[in-house]
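Inspection log for the structure reproduced underneath, given as structure tokens.
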Amino acid sequence: SESRGIKPELAAAVMALESGNGKKVVGNNPGGIMDPSSKDMKVKQQFPTIEQGIDKTVATIAKNYHLAGGDMKGLAHRYAPVGAKNDTGTNKGWLPNVTTIMGSFNK
């Protein structure tokens, strides 16, 4: 994560939130990365290994974080937009949840 310009705590917090603290990792995809070929944006990518899934997740977080100008609110809007086709109603809590998880790493 550091080589991509984001804090490890951010990457770990997003993966923890998206995977239910590692309990819901399907297809080696700990970040819930959507499959861009899915027209309804409800199909998640699948990776051969967890390492590849982690790498893609960190790359996706970093890309969106930088496109948001390093702003966490902007990252939330890009990564988990409220009202997106795949939003089950949980995206509104994405930013506070990620922030809380990040804070727990520093205790």
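Note that this is a predicted model, so its numbers are computed, not measured. Residue indices begin at 1 and follow the sequence shown.
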Exercise. Which heavy atom in S19 sits nearest to a heavy atom in G22, and how many Å separate them?
Worked result: OG-N, 2.8 Å

For this session: Nearest 0.5 Å please: distance from the CD atom of Q46 over to the CG atom of N28.
Result: 8.5 Å

For this session: Determine, step by step, whether L95 and H77 satisfy the side chain to side chain contact (heavy atoms under 4.5 Å, CB included) criterion, reporting the C-alpha distance in whole Å, the side-chain angles of both residues, the deciding distance to 0.1 Å, and the verdict.
Result: CA-CA 9 Å; L95 180 56; H77 179 72; over 6 Å; no

Exercise. With the 4.5 Å side-chain cut-off for hydrophobic clustering, are V43 and V26 part of the same group?
Worked result: no

For this session: Using the side chain to side chain contact (heavy atoms under 4.5 Å, CB included) rule, take Y65 and R4 through it: C-alpha gap first, then chi angles, then the decisive distance, then the call.
Result: CA-CA 10 Å; Y65 182 76; R4 296 183 188 270; over 6 Å; no

Seminar exercise, completed: Closest non-hydrogen contact found for I101 with A16 is CG2-CB, 4.3 Å

Exercise. Does the side chain of L75 reach to within under 4.5 Å of the side chain of V98, using non-hydrogen atoms?
Worked result: no

Exercise. Sequence neighbours excluded, which residues qualify as side chain to side chain donor-acceptor pair (under 3.5 Å) partners of N21?
Worked result: none

Exercise. With hydrophobic residues grouped by side-chain heavy-atom distances under 4.5 Å, do M15 and F47 end up in a single group?
Worked result: no

For this session: Find the distance between OG1 (T57) and CD (Q45) and round it off to the nearest 0.5 Å.
Result: 8.5 Å

For this session: Give the minimum heavy-atom separation between H66 and G5, together with the two atoms involved.
Result: CE1-O, 3.4 Å

Problem set entry | From CD (E9) to OG (S1), nearest 0.5 Å | 8.0 Å

Exercise. What are the two closest heavy atoms between E18 and G31, and how far apart are they?
Worked result: CG-O, 3.4 Å

Exercise. Should V82 and V14 be counted in the same cluster of Ile, Leu, Val, Met, Phe, Trp and Tyr side chains packed under 4.5 Å apart?
Worked result: no

Problem set entry | Over all atoms of both residues, closest heavy-atom pair of I61 and A11 | CD1-CA, 4.0 Å

For this session: First locate atom CG of N86, then atom CG of N91, and finally report the distance between them rounded to the nearest 0.5 Å.
Result: 6.5 Å

For this session: Would you sort out whether K63 and L67 count as a side chain to side chain contact (heavy atoms under 4.5 Å, CB included), showing the intermediate values?
Result: CA-CA 6 Å; K63 175 184 133 189; L67 287 171; 3.9 Å; yes

For this session: Applying side chain to side chain contact (heavy atoms under 4.5 Å, CB included), run through D87 and K92 and close with a yes or a no.
Result: CA-CA 9 Å; D87 182 6; K92 65 181 175 233; over 6 Å; no

For this session: Enumerate the residue pairs fulfilling salt bridge (charged side-chain N to carboxylate O under 4.0 Å, His left out) with a member in residues 67-81, sequence neighbours excluded, ordered by first and then second residue.
Result: none

For this session: Kindly compute the distance separating CG (N29) from OG1 (T60), expressed to the nearest 0.5 Å.
Result: 9.0 Å

Exercise. Between M102 and T99, is any pair of side-chain heavy atoms under 4.5 Å apart?
Worked result: no

Exercise. Could you give the distance from CH2 (W94) to CG (L17), rounded to the nearest 0.5 Å?
Worked result: 7.5 Å

